[in-house]
S.K.: 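Okay, here's the structure, questions in a sec.
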Amino acid sequence: MTREPIERVRIQLDGAAVDVASVGSLAAALLNAGVASFRQSVRGEARGPLCGMGICMECRVVVDGVLRRACVEPLRDGMVVETR
Amino acid sequence: MKADAIVIGAGIVGAACADALSREGLSVRVLESAFAGGGTTSRAMGHLVVMDDSEAQFTLTRRSREMWTDWAPELPASCEDQQGGTLWVAADDEELRAVAPKVEFYRARGVQAELLDARALAEAEPNLRPGLAGGMRVPEDRILYPPAAAKWLLERAGARGATLEERCEVTAVEPSRVQTRDGWTDTGFVIVAGGFTSARLLPGLRIEPRKGHLVISDRAPGFARHQLVELGYLTSAHGTHDGSALTRESVAFNLQPRATGQMLLGSSREFVDFDDSINSRLRDRMIRRALEYMPALAGLAAIRTWIGFRPCTPDNLPLIGAWGEAPGLFVATGHEGLGITTAPGTGELIADLVLGRRGALDPLPYAPHRAMDGHS
């Protein structure tokens, strides 16, 4: 039995093309790609997914110019993602 | 050792009472059922605003804002104190006609206020929609972060020897003594500053919880410069609890730029007892009201919504003074949506009353046993 290869999609992450595994939400893909900080707090501290279910708003990133919660954002080929 | 005074409640009002009493040299214990600044204080906007809806409200808000302004240089950065001013927005000519007398009212009493025409309003706040009639700017109004301000007042009182006991619920009060899980404790003066919970300790106290929603946005520095309040706010705030649909529930445009760059949006008012769930219908109505004034708000992401309960009295003035005939029992609550503003004047007045002297404020309009319209 052969395992199906994990599909990969290409996103624009902070201005660079990055191939990420298509493993579900944008947050999962970013974590899988090694992104540690999704945004910065007022005092410049790193922030990232906490609740993972769209409640805490900690993982918000800008997707195609609009603020989104990465944990409930579907992954799409060609999406433009900005962490802050 | 017996404390000179026990303050019940470590919200902003209890903290200000502890601060004022300790400044007079009294030994003070503050008993808080949960934790300091964690109740209504933590739900508030922290708009320090001089209000003109009655002479008594004006006097108390002006005196208190003066005190906050005097203290401003001492406030730590955590209090996020800033003097941004208030801009009262007139939507149409009818509202604008009411502005000139308001400006006169403030100026005649020594408070800076300016009338803005439509152009000056647009220049002051470019994100307001075109076509608004004008407004009034009160440049010396301020903004701060209420829980940090309460903590600072308690720390200042603490430096004079006052103590704070958290998770210490008071279950009953009498003149000069309070009951906790450890039994009765004697003191000189009891000051009940328990906000909307005060009626549990003082049956007959006419306080009702008046729920409000706040929504905060992601950071958008510079989106607004002043605290922006529609002139219709007074109608929203002062609809009384007479059972009519109009006044049991209301919203008004009230936007505050926080020091973090976030926009804090209010306001709603409703009487729903202690239902602390988010009323999404009323929250959405509140947001729609704001969008009528500032359509560009639609481009900001709302990241949190919360509710709080204002301690509301039938005549919208706080209850500050002796409770009952016997000496040794005082109340300081019922500040509705103005407790952060009016805490300093309240503390000062309580200290004057406890010491039996006449101070800056005439206590009569705030006397807890005054006759109040709407509840008889």
Side-chain angles (χ1 to χ4, degrees), chain A residues 9 11-16 18 20 24-84, chain B residues 42-43 45-46 75-82 84 127 143-149 151 213-225 255-265 276-280 283-284 287 290-291 294-307:
Chain A
V9 299
I11 65 172
Q12 291 290 321
L13 179 61
D14 296 325
V18 181
V20 295
S25 69
L26 173 61
L30 293 181
L31 288 171
N32 201 41
V35 175
S37 178
F38 284 45
R39 63 182 189 91
Q40 291 196 337
S41 76
V42 172
R43 292 177 189 81
E45 296 159 328
R47 289 288 185 269
L50 179 68
C51 77
M53 58 183 192
I55 302 296
C56 75
M57 306 291 295
E58 289 297 319
C59 68
R60 52 194 196 270
V61 293
V62 177
V63 176
D64 298 332
V66 180
L67 199 70
R68 297 287 185 194
R69 292 162 293 175
C71 69
V72 291
E73 184 70 10
L75 194 63
R76 291 182 309 277
D77 201 43
M79 69 200 305
V80 179
V81 180
E82 297 159 62
T83 65
R84 297 177 298 167
Chain B
S42 68
R43 314 302 175 90
M45 286 185 119
L75 293 173
S78 60
C79 291
E80 297 177 8
D81 172 72
Q82 38 175 338
N127 278 317
I143 293 165
L144 51 67
Y145 182 55
K151 186 166 173 259
H213 290 76
L214 288 173
V215 174
I216 196 159
S217 79
D218 197 18
R219 296 192 290 275
F223 183 86
R225 300 160 186 170
L255 185 83
Q256 177 183 85
R258 298 293 317 170
T260 57
Q262 292 170 285
M263 298 297 126
L264 178 56
L265 179 68
D276 64 358
S277 60
I278 304 257
N279 178 343
S280 52
R283 176 203 58 196
D284 291 350
I287 292 171
L291 290 171
M294 266 190 147
L297 276 170
L300 269 56
I303 62 167
R304 309 209 195 286
T305 300
W306 65 89
I307 68 100

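Residue numbers start from 1 in every chain, and the chains themselves are labelled A, B, ... in the order their sequence lines are given, proteins ahead of strands.
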S.K.: Can you tell which part of B/Ala259 gets under 4.5 Å to a heavy atom of chain A, answering side chain, backbone, both or neither?
M.R.: neither
S.K.: Please name the pair of heavy atoms, one in B/Asp218 and one in A/Arg60, separated by the smallest distance, quoted to 0.1 Å.
M.R.: OD1-NH2, 2.9 Å
S.K.: Nearest 0.5 Å, what's the OG1-CZ distance between B/Thr260 and A/Arg43?
M.R.: 9.0 Å
S.K.: Please check if atom OH in B/Tyr145 has more than 12 non-hydrogen atoms from other residues, nucleotides or ligands closer than 6.0 Å.
M.R.: no
S.K.: Which one of B/Arg304, B/Gln262, B/Arg219 has the most heavy-atom pairs closer than 4.5 Å to chain A?
M.R.: B/Arg219
